[in-house]
Structures are given as structure tokens and as C-alpha cells.
Amino acid sequence: MIKEILFQVIVIIFPLLFHHSYIKKKISNIFAQRFITAAVCSIVIVICMTYPVVIGKGGIYDLRSIPWMLSIMYGGGWVGIATTIVLCSFRYWLGGIGMYTVFIVYPLTAVFLLLTNNYFIRVNLVKKIQYGIAVSSFNIVAIICLSYVFIPDMSYQSLPFFIFLAFLTVLTLWCYIWIREYIDEHDRLHLEVQRTEKIHIVGQLAASVAHEVRNPLTTVKGFLQMLSQDSHLSSEHKYYVSISLEEINRANSIIQDYLSLAKTDVHIERLNIAEEILFIQKSVSFYAALHNVLLNFHHPAFKLFVKGNREKFRQVLLNLIKNSVEAIQQKGKGKINVRILKKDKQAVIEIEDDGIGMSPEELQRLGLPFYSTKESGTGLGTMVSYKIIESMHGEIKVISKKGKGTCFSILLPLEPGSE
Ligand code: ADP
Ligand code: MG
């Protein structure tokens, strides 16, 4: 029996290893990822069910519920439906009276897991493990109880073994979730280190170039402005001058992004978030209206203070709102909601748009230097924003769905005196 149990435990580790060594690294298409995950989990489920642990008369037990549950928890809807169908079909093929238990308990648990999947994805490791333990315990207890109902001649002598195996299942699931989250966290840290390294190099480069370019630009801009006021200029030439001025402004804003990467010795002060948002509202409202975008600002009744550099903080808000406007522009029309919230000891600024949104792959690349999907994009805006918020000891969280929209949340530690 020990041999059989060990075999099951080893087999169900396979999808985990396969996920980290192959699927995550080599397959970038999300549909292919889901398909392969569903296939691997289904094969493992079938193997588990083919070589179960046999306990006394009529009693068999296996660990199929682990790859099955994890396929739903980490794979989502389609993977979950596929593995549930495979599991039930194979159980039907095996035959026997025990299959009714499976047909009742597994689909019910699957529906619960799918309905609560959003919760599982968002919570931290401890809650994930608690959730896994709770659902798998329910699943196993229901299976064992119903088995005794449907199979009247099942011996009660095997009950202690069932209980022991149930414990083993829950324990293995626990380890599995822990290992998976641990490796994911490790990969995230690795990416973060790479990102910081790149930003550092860009920053160094920026320091040397940006300043040198800004001065001649200011001169050119001044002369162009003078030229544009010349009454002898034909309307055609005036048009050329205005385009040149626009382009110089664009170049200036790019340089501004580069400079804020390099500058570290900036003036830090106490900022009233509502005031800063109001300032931004005034400066972007016209720009948004011009692009067919409805901009809603929700001003809170309470005052929240954070610590940081005013110019840089405004730059973050501008960069993110500008991205939202551009995301909506690519779609046609839409709206942006800017909210200020207070969560625990943090101030949260949400910038939510219903623009084109991003796929999980695009989300992963967000914030990398020079990553842009726009024709005239620089790929600096989000990177600079991430860096500024990081320097304010906060963080930026992003939720996005392709075709639906994006929500950026800026989380910042609150200063005393906030109410
Ligand atoms: P840029 O705006 O110059 O392209 P950013 O660093 O500001 O550079 O943004 C990088 C990329 O991230 C954009 O090209 C776009 O694909 C994506 N992105 C950023 N914000 C959003 C958003 N609100 N909705 C959709 N895509 C976004
Ligand atoms: Mg941008």
C-alpha cells in the first residue's frame, strides 16, 4: 500500500514541475498554456485513477482530487471544465456504483471553485492554503460519506485508512500550493531585479544626455514662438511653425521622463492628494475632452497626506491618465474614473479606464524600459511612474482585461494627520 501511495504522490508532482520548467518558460500564448495544462492534468488524473490505493473490500482511494483542484484553481474556467469532464467520463468508463458519488461531488465542487476563483487569485499565500484545505476537506468528506451511502456493503473497518488518506491529500495539497507560490515569488523577484538593473542603466544614460539636449531645445522653442507671432508669416508657414512647436513640446516631455529617472536629490514635502488631483484635473480635462474621453474625478470628503516630490507625483498621475486617454482613443470613446480611497494605512488612487486593455503577456512587460505598443510611444511613462512611486515607498498595482479596460491603483503610505 505504501508503494501505491508514494506512486500517487510522485505522479501528481509532475504537472507542477512541467508548469515551471516548460509551460511558463517556453509557451507564451495563453490559450496554448491552458490547453497544455488541461492535457497534462487530465493525463495525471487518469493515471491516478488507473492505479489507485486499494483498501479492503470495495474501498479504493486515489489523489486525483489534487491535480483536478489545482487545475481549476490555477488554470481557471476552461481548464477546470476540461479536467472535470475527463475525470467524470473516465470514472463512468470504469463503472461501478461509486461513480454516482463522483458525479455529484466533483461538479458541485468545481462550480464552487470557479465561482470563487477570483478570490483565490487575489489573496496571499496563507489565505490560499486555508482556502485549498477547506475546499479539499469538504470534497473528501463528501466523497467518503456519500460512498458509504451508495455502497452499503462497504466495510467500516477501512474508515481509519480513508481518514488517513484524506489527511494525506490535504497535506499534499498544502505542500503543492506552497511550492508553487514559492517558485512564482522567486521568479517575480528575479524579474524585478532585472527590471531594476535596466532602469539603472537607462537612468545613467539619461543623466548624461537629457541635460545637453534640453538647452538647445529651449532656445529653438523660444525662436519658434517669436516666429509664430510674426505678422508677415503666411498661414502655411504658421502651420509649420505650430507643428514644430508641438513636436518640441513632445521632445521636452520625453526628456522630462528621462530626467526624473536620473534626479535623486529632489525636494520632498507633504502632499495633499486631493489638491494634487485637483491640479491634474484642471490640466487634463481639456486634453481628455479633445480626445472624446469622459473624465470623472471622485473627490473624497476626507484629507489624505503622503510624502514625496510634488513635480514627480504630478508626473505619475499625468503619465497614467495620458495612457488611459490613449487606450480609449484606440477604441473610439469611453470614460476614465479617478478615485481616491483609504485602505488600512494606505492612500489609494485608482485610475480606471474602459479602453483597449492589456493581455497577461502585455501586463508582464508593462514598466520595462522602452516597452510600447504605440507607433509614437516611448515606453518610458509607466517605467518612470513605477520608479517614482517606488521612491515614495508605495506600489502600483494593475488589473487589466484585453478589450475591456484597465485599472491602475497607486498605493502610498499615509502621513500622520490624514483623516
Ligand atoms: P507609451 O505610452 O509611450 O507607449 P508607457 O510606458 O506609458 O509608454 O506605456 C507602455 C505600454 O503599456 C503602452 O504602449 C500600452 O501598450 C500599455 N498601456 C499602458 N497603460 C495602458 C492602459 N491604461 N490601457 C491599455 N494599455 C496600456
Ligand atoms: Mg505613456
Side-chain angles (χ1 to χ4, degrees), residues 28 30 191-192 194-203 205-206 210 246-262 277 280-281 283-284 287-288 290-297 311-339 348-391 394-411:
S28 55
I30 187 106
L191 272 181
E192 195 56 47
Q194 271 184 341
R195 182 186 297 222
T196 323
E197 199 104 296
K198 275 190 193 162
I199 291 176
H200 183 69
I201 294 168
V202 175
L205 220 110
E246 243 172 60
E247 288 299 308
I248 286 191
N249 281 339
R250 211 174 87 79
N252 260 333
S253 81
I254 295 171
I255 288 174
Q256 186 60 39
D257 275 343
Y258 271 107
L259 274 180
S260 65
L261 271 181
I277 297 271
I280 294 296
Q281 180 175 7
S283 57
V284 294
Y287 171 75
L290 203 65
H291 290 97
N292 227 346
V293 174
L294 199 66
L295 203 50
N296 288 323
F297 282 85
E311 290 305 316
K312 288 191 168 196
F313 183 59
R314 286 178 178 175
Q315 198 184 347
V316 172
L317 297 173
L318 267 180
N319 281 347
L320 298 187
I321 293 178
K322 237 178 97 197
N323 276 346
S324 289
V325 171
E326 284 158 357
I328 289 172
Q329 212 186 331
Q330 284 167 294
K331 206 178 175 187
K333 64 174 193 177
K335 62 173 185 302
I336 303 175
N337 281 309
V338 181
R339 288 187 207 90
V348 184
I349 304 161
E350 278 183 3
I351 300 167
E352 182 191 35
D353 67 64
D354 52 7
I356 50 164
M358 285 173 274
S359 66
E361 292 100 68
E362 288 172 332
L363 257 182
Q364 212 169 30
R365 302 182 63 187
L366 190 72
L368 287 177
F370 313 120
Y371 166 66
S372 175
T373 55
K374 297 166 198 163
E375 220 167 86
S376 58
T378 60
L380 284 174
T382 43
M383 175 192 52
V384 168
S385 308
Y386 275 59
K387 191 155 182 242
I388 293 173
I389 295 300
E390 212 171 275
S391 73
E395 62 173 323
I396 295 185
K397 286 187 176 165
V398 194
I399 301 174
S400 189
K401 231 180 183 164
K402 192 86 191 160
K404 289 267 160 62
T406 308
C407 182
F408 276 84
S409 306
I410 307 171
L411 282 71

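Indexing begins at 1, ligand by ligand and atom by atom, following the structure's order.
Side-chain contact between Glu362 and Lys402 is present, with at least one heavy-atom pair separated by less than 4.5 Å. Using a 4.5 Å cut-off on side-chain heavy atoms (C-beta onward), Asp353 and Asn323 make no contact. Within the 4.5 Å cutoff, no side-chain heavy atoms of Glu350 are placed close to those of Ile399. Contact of the Glu311 side chain with the Gln256 side chain is not registered, since no non-hydrogen atoms from C-beta on lie closer than 4.5 Å. At a threshold of 4.5 Å between non-hydrogen side-chain atoms, the residues Asn319 and Asp257 count as touching.
The shortest separation from a heavy atom of Asn319 to ligand 1 is not under 4.0 Å, leaving the residue out of contact. A heavy-atom separation below 4.0 Å is found between Ser324 and ligand 1.
The side chain of Ala327, and not its backbone, has at least one atom closer than 4.0 Å to an atom of ligand 1 (non-hydrogen atoms only; side chain from C-beta on).
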List the steps, then state whether side chain to side chain contact (heavy atoms under 4.5 Å, CB included) holds for Leu368 with Arg195.
CA-CA 6 Å; Leu368 287 177; Arg195 182 186 297 222; 4.1 Å; yes

Thr406 vs Leu363, test: side chain to side chain contact (heavy atoms under 4.5 Å, CB included). Steps then yes/no.
CA-CA 10 Å; Thr406 308; Leu363 257 182; 6.0 Å; no

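Nearest-residue assignment for atom 22 (C) of ligand 1 (options Thr406, Ile356, Ile254; heavy-atom criterion): Thr406. Distances from atom 16 (O) of ligand 1 to the heavy atoms of Val398, Asp353, Leu368, Thr373 show the closest one on Thr373.
Atom CD1 of residue Ile351 and atom CG of residue Asn337 lie 11.0 Å apart, to the nearest 0.5 angstrom. Taking OG of Ser385 as the start and CZ of Phe313 as the end, the distance is 11.0 Å to the nearest 0.5 Å. Note that the CD1 atom of Ile396 and the NZ atom of Lys387 stand 13.5 Å from one another [nearest 0.5 Å].
Ligand 1 has no nitrogen or oxygen under 3.5 angstrom from a nitrogen or oxygen of Gly357.
Nearest protein neighbour of atom 12 (O) of ligand 1, counting heavy atoms only, is Leu366 CD1, 3.1 Å. Of all protein heavy atoms, the one closest to atom 21 (C) of ligand 1 is Met358 CE, 3.8 Å. Closest to atom 6 (O) of ligand 1 among all protein heavy atoms lies Thr382 OG1, 2.6 Å. In this structure, the protein non-hydrogen atom closest to atom 2 (O) of ligand 1 is Lys374 NZ, 2.7 Å. For atom 10 (C) of ligand 1, the nearest non-hydrogen atom of the protein is Tyr371 O, 3.2 Å. Among all protein heavy atoms, the one lying closest to atom 4 (O) of ligand 1 is Ser372 OG, 2.5 Å. Of the protein's non-hydrogen atoms, Asn323 ND2, 2.8 Å is the one closest to atom 7 (O) of ligand 1. Protein heavy atom at the shortest distance from atom 3 (O) of ligand 1 is Thr378 N, 2.8 Å.
Residue Gly381 approaches ligand 1 through these ligand atoms, each under 4.0 Å from one of its heavy atoms: 5 (P), 6 (O), 7 (O). Using a 4.0 Å cut-off to heavy atoms of Gly377, the atoms of ligand 1 that qualify are 3 (O), 4 (O). The Gly379 neighbourhood of ligand 1 comprises atoms 1 (P), 3 (O), 6 (O), 8 (O), with distances under 4.0 Å to a heavy atom of that residue. For ligand 1, the atoms closer than 4.0 angstrom to any heavy atom of Leu380 are 6 (O), 8 (O). Shown in contact with Phe408 at under 4.0 Å from a heavy atom are these atoms of ligand 1, numbered in order with element: 20 (N), 23 (N).
Minimum heavy-atom separation, Gly405 to Ser400: O-OG, 3.3 Å.
Among the backbone and side-chain atoms of Ser372, no N/O/S atom is found under 2.8 Å from the Mg ion (ligand 2).
Panel note: side chain Asp354, backbone Lys335; a donor-acceptor pair is recorded below 3.5 Å.
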